[in-house]
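For reference, positions follow the sequence shown, starting with 1.
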Amino acid sequence: MEMKLVAEAADETAYEGDGGGYYSWSTSKSPLLKDSKLGAGKLLLHPLGFALPHYADSSKFGYVLQGVCTVGLVAPNSTEETVVVIKKGDVIPLPSGVVSWWFNGGETDMTIVFIGETTKAQIPGQFTYFFMAGVLGILRGFQSDVVAKVFGLSNKEAEDIATSQPDALIVKLKDGIEFPNASEDVKEKLYGAIDTPEPEAGVVVKGGGIINSLTEKDFPMLVGMGLSARFVRLKGKAILAPTYVADGSVQSIYVAKGSGRIQVVGGDGTPSFDDEVGEGELMVVPQFFAVTVIADEFGMELFSITNTSKPVFEQLAGKVSVWKALSPVVLQSALNISPQLDKIFRSKNTESLMIIPPRS
């Protein structure tokens, strides 16, 4: 069956209001999300925007594209709320079933993109949210006399608790409200910076860009989530060298900034995707397909997830590539090339080539 690879911007509006909006990628426009059991959405909070407490049927990463956000988290069977403050360039893992709320106490918009897996989701390829309050709130669905008996309230009190919030997903709060500060003495790492300055990056290529990864080594909780994240910043005209995920995981790549060209090659030796991509677009790279990215003259930034907590990226260029490992007679026979060309080719694969700077 032919797979249709596409790069699309979020095309569905789940909610828009004074406090902000929530947008998602539909499986009709991005069918590989459903086939690969991945999902994606984007939350926009205007100043004083408050996303009501909720939990989801899917585990995911949130990557902050702009602004600052205060986030409250309550794990299952926990009696304590943990509060963190995240900013542009931070990533936060969100296991399914964890209750969270989101508040923009800053003076500018906050935007965060969510990408994750939908293996156990009600609808493959989509995140389904369950709200604790508002017109979609869980308590609102129960009869007021049941709520009254459960909590020991009067029917009037139960009715007020269940129905007083007239909004749905996002509320704009009044100026002057003070939300909790970040929690102190948090034992477990709950978020981290993935878009870092060059000196702090995991991989730095002078004149080319950086690569940062977050795996189960950085966040032990990712083992249960089955996810990992990667951030790539390419300078103008730089190339992210061809790779594939050798463990059979699926990548979902989001263009966080800038534009460029993505090329994907499958098992038939022809391009499965070869097109320009721009800021805000998302694409899914199928299992074992090789992918490379070429930034335009202004550079680009990519945030991606793989549906494993410990991905194995196989390089197709450089000193750790298969070309370097193969014996000369095998390489010459496979490519049908002369020993002289084999020698030249090998000499070009003696260094790390994860990112190739623009060649003069």
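Between K235 and E198, at least one side-chain N (NZ, or NE/NH1/NH2) sits under 4.0 Å from a carboxylate O, which counts as a salt bridge. Salt-bridge formation is not detected for the pair K237/D296: no Lys NZ or Arg NE/NH1/NH2 atom is positioned less than 4.0 Å from an Asp or Glu carboxylate oxygen. Between K88 and D195 there is a salt bridge, since at least one side-chain N of the basic residue sits less than 4.0 Å from a carboxylate O of the acidic one. Under a 4.0 Å N-O distance rule, the pair D274/R261 qualifies as a salt bridge. A salt bridge does not link K257 to E279: none of the charged side-chain nitrogens sits closer than 4.0 Å to a carboxylate oxygen.
Residue-environment remark: CG (D18) stays at or below the threshold of 12 foreign heavy atoms within 6.0 Å. The 12-atom threshold is not exceeded at CD of E351, counting heavy atoms of other residues, nucleotides or ligands nearer than 6.0 Å. More than 12 heavy atoms of other residues, nucleotides or ligands lie within 6.0 Å of CD in E276, so this atom counts as buried by the packing criterion. Other residues, nucleotides and ligands contribute over 12 non-hydrogen atoms within 6.0 Å of the CG atom of D268.
Within the 3.5 Å criterion, the main-chain N or O of L341 finds a donor-acceptor partner in the side chain of S338. When atom types are taken as modelled, the side chain of S321 and the backbone of G318 share a donor-acceptor pair closer than 3.5 angstrom. Checking side-chain atoms of T306 against main-chain N and O of P311 turns up no donor-acceptor pair under 3.5 Å. Of the possible donor and acceptor atoms, one in the side chain of N104 sits under 3.5 Å from a partner among the backbone N and O of T108. A donor-acceptor pair under 3.5 Å is absent between the side-chain atoms of N349 and the main chain of A317, judged by distance alone. Of the possible donor and acceptor atoms, none in the side chain of N307 sits under 3.5 Å from a partner among the backbone N and O of S249. A donor-acceptor pair is defined here as one N or O able to donate and one able to accept, closer than 3.5 Å; such a pair exists between the side chain of S78 and the backbone of E80.
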* Begin with the C-alpha distance, continue with both residues' side-chain angles, and end with the deciding distance and a verdict on side-chain hydrogen bond (donor to acceptor under 3.5 Å, both in side chains) for Q66 and T111. => CA-CA 5 Å; Q66 65 172 343; T111 307; 2.8 Å; yes
* Assess whether side chain to side chain contact (heavy atoms under 4.5 Å, CB included) is satisfied between V84 and I86, documenting all intermediate values. => CA-CA 6 Å; V84 298; I86 56 177; 4.3 Å; yes
* **Residue pair R230, I305: steps toward the side chain to side chain contact (heavy atoms under 4.5 Å, CB included) verdict** => CA-CA 6 Å; R230 196 182 195 207; I305 67 106; over 6 Å; no
* **CA sep, side-chain torsions, deciding dist, call: F231, Y63, side chain to side chain contact (heavy atoms under 4.5 Å, CB included)** => CA-CA 10 Å; F231 175 83; Y63 172 65; 3.4 Å; yes
* Asked: Hey, mind stepping through W101 and V83 against side chain to side chain contact (heavy atoms under 4.5 Å, CB included) and telling me if it holds?
  -> CA-CA 9 Å; W101 53 258; V83 178; 4.1 Å; yes
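Side-chain contact, S144 with N155: no donor N or O sits under 3.5 Å from an acceptor N or O. In the model, Q263 has no side-chain atom that pairs as donor or acceptor with a side-chain atom of T292 under 3.5 Å. In summary, the side chains of W25 and Q126 do not present any donor paired with an acceptor at a separation below 3.5 Å, with no hydrogens or angles considered. T118 and S58 share no side-chain donor-acceptor pair at under 3.5 Å. Side-chain atoms of N212 and T196 form a donor-acceptor pair, as typed in the model, at a separation below 3.5 Å. For the residue pair E117/T119, the side-chain donor-acceptor check at 3.5 Å is satisfied. A donor atom on one side chain and an acceptor atom on the other are not found under 3.5 Å apart for S213 and T215.
A cation-pi geometry, defined here as NZ or CZ lying under 6.0 Å from the six-membered ring centre and within 45° of its normal, holds between K60 and F114. Because its NZ or CZ atom is both nearer than 6.0 Å to the ring centre of F219 and within 45° of the ring axis, K189 counts as a cation-pi partner of that residue.
Annotation for P124 and T27: closest pair O-CG2, 3.9 Å, computed over non-hydrogen atoms. Across G266 and S272, no two heavy atoms sit closer than the pair N-OG, 3.5 Å. The two residues G19 and I170 make their nearest non-hydrogen contact at C-CG2, 3.5 Å. Heavy atoms only, all atoms of each residue included: A295 and L234 are closest at CB-CB, 3.8 Å. Residues P357 and V205 come closest through the heavy atom pair CG-CG1, 3.8 Å. Contact detail for Q251 and S304: the closest heavy-atom pair is OE1-OG, 4.4 Å.
When the side chains of ILVMFWY residues are joined at heavy-atom separations under 4.5 Å, either directly or via intervening members, V99 and F179 end up in two distinct hydrophobic clusters. Each of M132 and F103 belongs to its own hydrophobic cluster when Ile, Leu, Val, Met, Phe, Trp and Tyr are linked at side-chain heavy-atom distances under 4.5 angstrom. V245 and M283 are not part of a single hydrophobic cluster, where members link through side-chain heavy atoms under 4.5 Å apart. Linking Ile, Leu, Val, Met, Phe, Trp and Tyr residues whenever their side-chain heavy atoms come within less than 4.5 Å leaves F298 and I239 in two separate clusters. M300 and I356 are not part of a single hydrophobic cluster, where members link through side-chain heavy atoms under 4.5 Å apart.
Less than 6.0 angstrom separates the ring centroid of F130 from the ring centroid of Y55. Proximity of the aromatic rings of F313 and Y244 is defined here by a centroid distance below 6.0 angstrom, and this criterion is not met. If you look at F50 and W102, their ring centroids are not closer than 6.0 Å. For Y254 and F303, the ring centers sit 6.0 Å or farther from each other.
How far CD1 of I262 is from CG of D275: 9.5 Å, rounded to the nearest 0.5 Å. With values rounded to the nearest 0.5 angstrom, Q143 atom CD is found 5.0 Å from D145 atom CG.
Ring geometry for F127 against Y129 counts as perpendicular: the plane angle is over 60°, on a 0 to 90° scale with 30° as the lower cut.
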